[in-house]
Amino acid sequence: MKIRKKQTLNHILLGFAVLVFLSSCNTDETQTVATFDNLVLEDNFDKDGEIDTSIWNFDIGDGTAEGIPGWGNNELQYYTDRTDNVTTENGFLLITAKQENFNGAQYTSARLQTKNKFQQLYGRFEARIRLPYGQGMWPAFWLLGDDSDGEVWPRIGEIDIMENVGNEPTRIFGTVHGPNFSGAESVSKAYTFDDTRVDTEFHVYGIEWGPNYINYYVDDVLYNQITPEDIEEETNGEGQWVFNDRPFYIILNVAVGGNLPGPPNAETVFPQTMLVDYVRVYQK
Amino acid sequence: MKKINNINKVFTFLAIAVVVLGCERGLSDDVQFASFPSDGDIFTDAPVGLTDEFFVSFDPAAGANPDGFGTDDNEAFEGRSSIRIDVPAPNDPNGGFIGGIFLDRGNGRDLSGFDALTFWAKSSTTATVGLAGFGTDFVQNKFAVARENIQLSTDWRKYTIPIPDPSKLIQEKGMFIFSAGSNSTNGFGFTFWIDELRFENLGTVAQPRPRIFSGQDLIQQSFIGTTLGTTGLTQTFNVEDGSNVTVGVSPSYFDFESSNIDVAFVNELGQISVIGEGTATITAQLGGVLAEGSLEITSIGAFDFAPTPTQDPSSVVSLFSDAYTDIPVSRYNSFFEPFQNTLGGVVPVGDQSIISYTDLNFVGIVFNDVIFPAEAVAPVNATNLNTLHIDINVQEALQSGDRLLLQLTNYGATETVGSYLINGSELAQDTWVSFDIPLSSFSGLTDLSRIGLLLFNSEDGPANPTISNLFIDNIYFY
């Protein structure tokens, strides 16, 4: 579902006063926000060995049951809800990709989502995450539009807050998909860290999403804004803004292989774990 | 353009500690350790803080070419000058390869705040540089690091050599080492340039994966008094571009551990001393990360040496014995291709040595000027000798039909071979058996003037399996 090509948006950020930072605090940990300050969802993963199923569902399998084998991207993993692949420990959510023969797949991993449990239109969605590394790793923190009205992708919309390929340990990217700008034609921008990495440090990845805008940030850096005008410009007027009309749910996963990262190689170290410190969602 | 940093920093040794005789006490919080300059620059537009020689070549007597090193004001990645290295052809009369080190001008630098040595390089043609690194000072080389086979391109590219554990480098003099030949260019010389050579704190050198013994879990038998080396020491990091970079690492970066120090222990130079009977497993950490690989040593205790020979040295021609001076021998394991399986050869045991063969089918001790002309040694003239002595200790259970055929070859005008058969019943497991075999018993050996090969063959007979593992000592004619 998320085949894509990178397209850099050369936006002029219009001094949009989105984030206000306190100079005295650690921006890794704390961000003060002017517009969305009503915390409506918080999972700090503080209960060891227990995923809060009032928030999270587990996607199981290789996508065949959903009609999209390889989850639409020729991904190689089989998702499970086993502790081996997903658990909480010391206040972190651990999603672990393993190399093992399992139900016909060579790899296992996990994918959590909040469909029908937590869905919201607009808000600030953020998570503090340390990513895995190595060729073939494809971790993501993303949103999909609710499809209970029978609408299908890409008309439901997809907001990828953070994706990374494991052979690029200093680079993440944020992307939106919708009608006439999906897969390889999606609208995306990358952010590159200067002197740190995604797999050695926790970073905060988030969006601020309101009517006719999605702002992307990493830690204390706002690095992109996407508006209907951008979609129109990028798609020569073909694309349609689908981010004002339905609630979206959250997905956290680590894929292995697939069209975007390519398969793991002999140097890829397994197991690989994505650690999530928290997921938080705010409203106005 | 880069400023040339002032190199002659004066630094002050601070009071390190007050030693009070007769009592032990910890260092107080007020103690300040002596510190060394922490400048990371080595070459920007000129050498930074290096000795006047700048470049200290490997020994020209060993083939290093000291003439191909200089700076070039017409090439630079940044600024106005770079290091220029002209790699010679192998047959260059001034030396067939180029390499050497850069030394810190002072008493060494504190590099603990950096995580990598980096430089930009380009080459006149695509080529591979044999190695580049740091930590070699031509004195102790204690913290030597080398990245091998660096592929150069014809445009400027940045190269990263990670520091295995920066906390070890609080006073390092070896700023840079390189070695380059023309192996990758079919023997044609080429030129490469290095610029902006410095230690840096990149913040993106991560995921350390140290290895000892090349990451293998080895098992080895040994004896009290034996010293074994640690080999295959590397550190691998994942770097900014997502690639894994592996560097060869000297033992002093590792903290070695023995599971049983009554059996074996390891010093900081990575030498393993076997001191007792039993089993000990050697493992190591680098910067707090457990290294892949280990060595399990089973020490069977004091080595049971063969009886000390008693023949008068003046009447002996020795091929292998600690009791006599051996004549030149080209090979103690012939490694005859393609049918020889036998492994092993001379093994030091304490301050002596024995020959240990494993996987024996046949193997020769070669001491002639015929089989391997490049290793020619004089054969033995045994015209005035009448006996071959040999001590044999079989390292496995003997089976019915086991036998060992000894053959001596004389390289006269025609090759003649004499054979002597030892039956399994004459040998014993884990026990030295001495043989004094009259040369006249080697049937077929008519000429004794140029004996140059002693062959052991355990395959030649009806037994299957045959004798595969044995120790041999004290091989001499008298």
Side-chain angles (χ1 to χ4, degrees), chain A residues 6 26-28 94 96-97 99 129-139 162-173 190-203 218-221 254-258 260-275, chain B residues 38 40 111-118 147-149 151 157-167 196 198-212 214-217 232 234-248 285-293:
Chain A
K6 297 298 108 35
N26 180 345
T27 51
D28 265 359
L94 281 66
T96 300
Q99 185 169 32
I129 305 176
R130 198 185 81 186
L131 299 178
Y133 90 105
Q135 169 61 40
M137 293 296 127
W138 185 7
M162 180 283 303
E163 289 183 273
N164 162 263
V165 289
N167 58 332
E168 296 181 353
T170 63
R171 185 174 176 272
I172 61 96
F173 42 96
Y191 175 82
T192 301
F193 292 93
D194 272 340
D195 51 6
T196 181
R197 298 167 54 114
V198 296
D199 59 336
T200 54
E201 307 287 339
F202 282 89
H203 297 284
V218 171
D219 296 330
D220 57 357
V221 180
V254 176
V256 180
L260 190 65
N265 61 22
E267 291 188 74
T268 309
V269 179
F270 284 96
Q272 283 294 319
T273 300
M274 174 164 93
L275 279 77
Chain B
S38 56
L111 303 175
S112 58
F114 302 108
D115 58 17
L117 173 75
T118 67
R147 180 174 173 184
E148 293 185 355
N149 298 325
Q151 171 79 49
R157 288 192 192 165
K158 189 174 184 180
Y159 297 87
T160 300
I161 301 172
I163 303 177
D165 177 4
S167 70
E196 305 305 312
R198 59 168 59 88
F199 290 96
E200 276 195 90
N201 187 22
L202 298 172
T204 50
V205 173
Q207 308 288 0
R209 293 168 63 206
R211 289 194 178 95
I212 59 174
S214 302
Q216 297 174 285
D217 294 314
T234 62
Q235 171 73 301
T236 301
F237 284 105
N238 191 258
V239 298
E240 185 167 359
D241 68 2
S243 66
N244 291 324
V245 174
T246 296
V247 289
Q285 296 192 8
L286 201 174
V289 179
L290 182 67
E292 226 180 294

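All chains are named by letter (A, B, ...) in the order of the sequence lines, taking the proteins before the strands, and each is independently numbered beginning at 1.
Scanning all heavy atoms of the two residues, the minimum distance from A/Pro169 to B/Gly242 falls at CD-CA, 3.4 Å.
Neither the backbone nor the side chain of A/Val165 comes within contact range of chain B; no heavy atom of the residue lies under 4.5 Å from a heavy atom of that chain.
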Donor-acceptor pairs, chain B vs chain A, cutoff 3.5 Å:
from: B/Thr204; atom 1: O; to: A/Arg197; atom 2: NH1; distance (Å): 2.8
from: B/Gln207; atom 1: NE2; to: A/Asp199; atom 2: OD2; distance (Å): 2.7
from: B/Asn238; atom 1: O; to: A/Arg197; atom 2: NH1; distance (Å): 2.8
from: B/Asn238; atom 1: OD1; to: A/Arg197; atom 2: NH1; distance (Å): 3.4
from: B/Asn238; atom 1: OD1; to: A/Arg197; atom 2: NH2; distance (Å): 2.6
from: B/Val239; atom 1: O; to: A/Arg197; atom 2: NH1; distance (Å): 3.4
from: B/Asn244; atom 1: ND2; to: A/Glu267; atom 2: OE1; distance (Å): 2.9

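Under the side-chain contact (heavy atoms from CB on, under 4.5 Å) criterion, B/Gln151 pairs with B/Thr126, B/Thr128, not counting sequence neighbours.
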